[in-house]
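Before anything else, here's the structure in question.
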Amino acid sequence: MDILATLNPAQRQAVEAIEGPVLILAGPGSGKTRVITHRVAYLIKVCGMNPGHIMAVTFTNKAAREMRERLDQLLGQEVGALTLGTFHAICARILRHEGKAIGLAPRFVIYDDEDQLNLIKQSLQELNLDPKQYAHRALQSAISAAKSHLLSPEDYAQRIQSYFEEIVHRTYQRYQQLLGQNEAVDFDDLLMKTVQLFNSQSKILSRYQSRYVHILVDEFQDTNVAQYALIKQLAGKYHNICVVGDPDQSIYSWRSADLRNILSFEKDYPDARLVLLEQNYRSTKTILEVGSDVISANLQRKPKELWTENEAGSPVAIIESYTEAEEAQYVVSEIEKLVSQEQISLRDCAVMYRVNAQSRALEEAFMRYGVPYKLIGGTRFYQRREVKDIIAYLRVIHNPHDNVSLARIINIPGRGIGERTTSQLQARARTDNASLYNTLEQVLEEKIFTPRIIQALAGFVTLINGLIANSHELNLAELLDEILAGTGYREYLLGKENGEERWENITELRNAAREHSELNPEEALATFLEKVSLVADIDNLDEKDDTVTLITLHQAKGLEFLVVFIAGMEEGVLPHRKSFDDPSEIEEERRLCYVGITRAGKRLYLLRSFRRSLFGSGSANPASRFIQDISPHLVTTKGLWDKVNINSIAGVHTPSPTHSNDISDPKVGDHVYHSKFGKGIVMSCLPDKGDQIVTVAFEESGAKKLLLSLAHLEKIEKTTDFPL
DNA sequence: CGAAAGGCTCTTTTT
DNA sequence: GAGCCTTTCG
């Protein structure tokens, strides 16, 4: 197959420019992934490059897997030794091989969010800091940010400017020590330590530099300082570095991704070739224009001209509902309509939203109507308590010095080792500067606990040691069975709430383990644990299933669907209220919205609800500002209450309007009556030159902006007939 | 020691 | 509303 034949001129240019640095700025749907894949294929097939000399970095494992599949197709054979994966996966592999050089235990475990938090809590405790005063989460993200900027605790100390940062520093320092003792690294360490490794070990670096003649990075706009430093190190010899990205789709700045990497790239590689991919193959003209209307309102941005030869298509539908339940119901019925009336399958449809909590109402509707759906994200499989319990056993078997995992399972299922005992053990471990596991063995020798506790502890140690011994012989699935049998985990689970369902998850875990049963036991365990740490939920999205996809806007990056619903187009949701006071965060929310819009091929629905109960209490939100930015001629707006409310209002008494009852101080959420528009709910109140501009969502006529002094709004009782 | 209940907080996005 | 923490009771 001619690798260049199917490419447009710009794409071809991007593929053929193999010498030196290349920056590809690619709009949504412009065939960016295709370009990277074809470029690799071109390097191998046309230029005769050994795949082992190429590194391609993707944003998710799923993208990596798909790229490998496509490469195999393009090349007509397995591509083999190509280094292909996420930054984290690639770094993990490098550190497995070379970590020794910077004092990293070869069996290091990778801690996830929850493990990290546990360790931060422990650090706070040891430093006698009040956990109420210093939120674990805040410290966690401060530490993560520091690492993403390659700041060691010592570096961080240099730039302390506030008392909080002082606390961060102390916690960070202790946290890092604890990680070391646990022979563990966190996600950020994978990047930071790899950079440190290359910084301090020039021999190792030059080996890798010589190996990777060509480096490609996808989703470059979402790389952070550490990732940028890493590719700069690796490309230090050949400078054949090709990065692909779209500044308008940068949505991970909260994870320290920095758009400025694009600027740095142009500065660090002044000879870089710039290729623009501006033709969109995915979306209708209308959808593309809607996207452009939304993103153009960002000030911190270089304008770019996207175009498409696709047809204009249907107008974008703006759907207004009263509640999120109605919103969800609409989505489901609309999907059913599309499937029955047009050539649309369930798998072509996706519902996207800002926060995971929004999925609940949607799920309920999908379940009620029996429409198959698939939820991406939320509580991820490998984060479920029962799954993590069993993984903790595997981790301890693999590396008994992993105290966080050991502490997790020491009394799960309950075996009479209580909190008191555990904290005494932990204190002892700390004074001895030993791992929990070693402390356990020590304590058993000294017999310093009561006989009953000693017996319990001995039982646990025997269990673990037995498992460790078996782990060398058994394959992974067998080892898992051994754990389950030895701990009575099944009985333990079945005695709990949702026990059956949770046991199913263990069965699923066992299936996943079986895939590794062919490797030798040592290697299988190591590979499995690493994989389990680095998988993202999106990685398991299988497009072959014919189901609707429910997904956050963040995870939707890089995907495409013929039909896209974006739920919750409201102020406070998208943009999220957390971003209100920072203009640059609002810009990121806008990019997020843009990402969602541009996922759509044929049809796009923007949904907003007047009322939404998120986090327990209900709130009334005005339409998202992003909706206001769309040219009216591109959309059709439909209110769902028209028919819904006529039914629900029937029989409700209607108060007679009298001006003397004018409401003087309307509050958001008040129910009001207007002589012309009827009943409605106050959405917002803005002071205006001694008067107030009140936005009211009327049941029959939609949202109106009214001047309080002229509107003669009357406050009315909330009636249960309101569809709230 | 362990289960249960009550109180508290904080509500974003994830490799 | 949920998850986490603390308290209480058996």
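Letters A, B, ... are given to chains in the order of the sequence lines, protein chains preceding strands, and every chain is numbered from 1.
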All side-chain contact (heavy atoms from CB on, under 4.5 Å) counterparts of A/Asn399, not counting sequence neighbours: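 Only A/Arg107, A/Glu183, A/His401 meet the side-chain contact (heavy atoms from CB on, under 4.5 Å) criterion with A/Asn399.
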How would you list, by chain and number, every residue that makes a side-chain hydrogen bond (donor to acceptor under 3.5 Å, both in side chains) with A/Tyr353, sequence neighbours excluded?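 If we apply the side-chain hydrogen bond (donor to acceptor under 3.5 Å, both in side chains) test to A/Tyr353, skipping adjacent residues, there are no hits.
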Between B/dG2 (C1') and A/Arg452 (CZ): distance, integer Å: 11 Å
Shortest non-hydrogen contact from A/Thr439 toward A/Leu425: CG2-O, 3.8 Å
For A/Glu588, enumerate each residue passing the side-chain contact (heavy atoms from CB on, under 4.5 Å) test, keeping only those at least two apart in sequence or located in another chain.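 With sequence neighbours excluded, A/Glu588 shows a side-chain contact (heavy atoms from CB on, under 4.5 Å) to A/Ser253, A/Trp254, A/Arg591, given in chain and number order.
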Map A/Asp188 and A/Glu585 onto DNA chain B by nearest heavy atom, then report which one ends up closer to the 5' terminus.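 Upstream on the strand: A/Glu585.
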Checking A/Phe366 now: which residues fulfil ring pair (Phe, Tyr, Trp, His ring centres under 6.0 Å) with it, not counting sequence neighbours?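 A/Phe366 satisfies ring pair (Phe, Tyr, Trp, His ring centres under 6.0 Å) with A/Tyr373 only.
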Sorted by chain and residue number, the side-chain hydrogen bond (donor to acceptor under 3.5 Å, both in side chains) partners of A/Asn261 (sequence neighbours excluded) come out as A/Thr223
Round to the nearest Å and state the distance from A/Asp222 atom CG to B/dT13 atom P.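 Going from A/Asp222 (CG) to B/dT13 (P), I get 16 Å.
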Whole-Å distance between B/dT15 C1' and A/Asp113 CG? 11 Å
Specify the separation, in whole Å, of atom OH of A/Tyr492 and atom P of B/dA3. 8 Å
Could you tell me whether A/Arg360 contacts a base, only the sugar-phosphate backbone, or nothing, with contacts defined as non-hydrogen atoms closer than 4.0 Å? sugar-phosphate
Nearest-Å distance for atom pair CG/P, residues A/Asn61 and B/dT15: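 Result: 9 Å.
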What is the separation between atom CZ on A/Arg612 and atom C1' on B/dT11, rounded to the nearest whole Å? 15 Å
Give A/Thr421 one of three labels, base, sugar-phosphate or nothing, depending on what nucleic acid heavy atoms sit under 4.0 Å from its own.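 The residue A/Thr421 makes sugar-phosphate contact but no base contact.
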Check each of A/Arg590, A/Arg301, A/Lys557 against A/Asp248 using the salt bridge (charged side-chain N to carboxylate O under 4.0 Å, His left out) test, and report the only one that passes.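 Result: among A/Arg590, A/Arg301, A/Lys557, A/Arg301 is the only option passing the salt bridge (charged side-chain N to carboxylate O under 4.0 Å, His left out) with A/Asp248.
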Would you tabulate the pairs of protein nitrogen or oxygen atoms and nucleotide nitrogen or oxygen atoms of nucleotides 4-8 of chain C closer than 3.5 angstrom?
residue: C/dC5; atom: OP1; partner: A/Lys121; partner atom: NZ; Å: 3.1

With sugar-phosphate meaning primed atoms plus P, OP1 and OP2, does A/Arg420 contact a base, only sugar-phosphate, or nothing at under 4.0 Å between heavy atoms?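 It contacts sugar-phosphate atoms only.
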Establish, with yes or no, whether the OP1 or OP2 oxygen of B/dT14 is under 4.0 angstrom from a side-chain nitrogen or oxygen of A/Thr552.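 A/Thr552 to B/dT14 OP1/OP2: side-chain N or O found under 4.0 Å.
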With A/Phe528 via ring pair (Phe, Tyr, Trp, His ring centres under 6.0 Å) - residues at least two apart: A/His516
Backbone of A/Asp186 reached by a side-chain donor or acceptor of A/Gln116 within 3.5 Å: no
Nearest-nucleotide 5' precedence on DNA chain B, A/Thr422 against A/Glu588: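 Result: A/Thr422.
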Wobble G-U and Watson-Crick pairs count when both distances are under 3.5 Å; given that, what is the 5' to 3' dot-bracket string of DNA chain B, with | for pairing to other strands? ||||||||||.....
When rounded to whole Å, the CD to P distance for the pair A/Gln227 and B/dT15 reads 12 Å
Considering residues at least two apart in sequence or located in another chain, which fulfil the side-chain hydrogen bond (donor to acceptor under 3.5 Å, both in side chains) criterion with A/Arg599? A/Gln249
Among residues at least two apart in sequence or on other chains, which ones pass side-chain contact (heavy atoms from CB on, under 4.5 Å) with A/Pro413?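 In terms of side-chain contact (heavy atoms from CB on, under 4.5 Å), with neighbours along the sequence ignored, A/Pro413 is linked to A/Tyr393, A/Arg415, A/Thr487, A/Tyr489, A/Tyr492.
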Check whether any side-chain nitrogen or oxygen of A/Asn411 sits under 4.0 Å from OP1 or OP2 of B/dG2, and answer yes or no.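 A/Asn411 to B/dG2 OP1/OP2: side-chain N or O found under 4.0 Å.
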Checking all strands, does A/Gln555 fall into the base, sugar-phosphate, or nothing category for heavy-atom contacts under 4.0 angstrom? sugar-phosphate
Nearest to the side chain of A/Asn356 - B/dC1, B/dG2, B/dT14? B/dT14
Do any of residues 138-151 of chain A sit with a heavy atom less than 4.0 Å from DNA chain B, and if so which? none
Going by the rule side-chain contact (heavy atoms from CB on, under 4.5 Å), which residues pair with A/Glu515 if we only count those two or more places apart in sequence or in a different chain? A/Lys531
Side-chain N or O of A/Ser533 versus OP1/OP2 of B/dT15: is the shortest distance under 4.0 Å?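 It does not, given that no N or O in the side chain of A/Ser533 lies less than 4.0 Å from OP1 or OP2 of B/dT15.
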Can you check whether A/Pro247's main-chain N or O pairs, donor with acceptor, with A/Ser250's side chain at less than 3.5 Å? no
Listed nucleotide nearest any side-chain atom of A/Trp254, set B/dC1, B/dT15, B/dT14: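 Out of B/dC1, B/dT15, B/dT14, the nucleotide with an atom closest to A/Trp254's side chain is B/dT14.
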Using whole Å, report how far CD of A/Glu219 lies from P of B/dT14. 15 Å
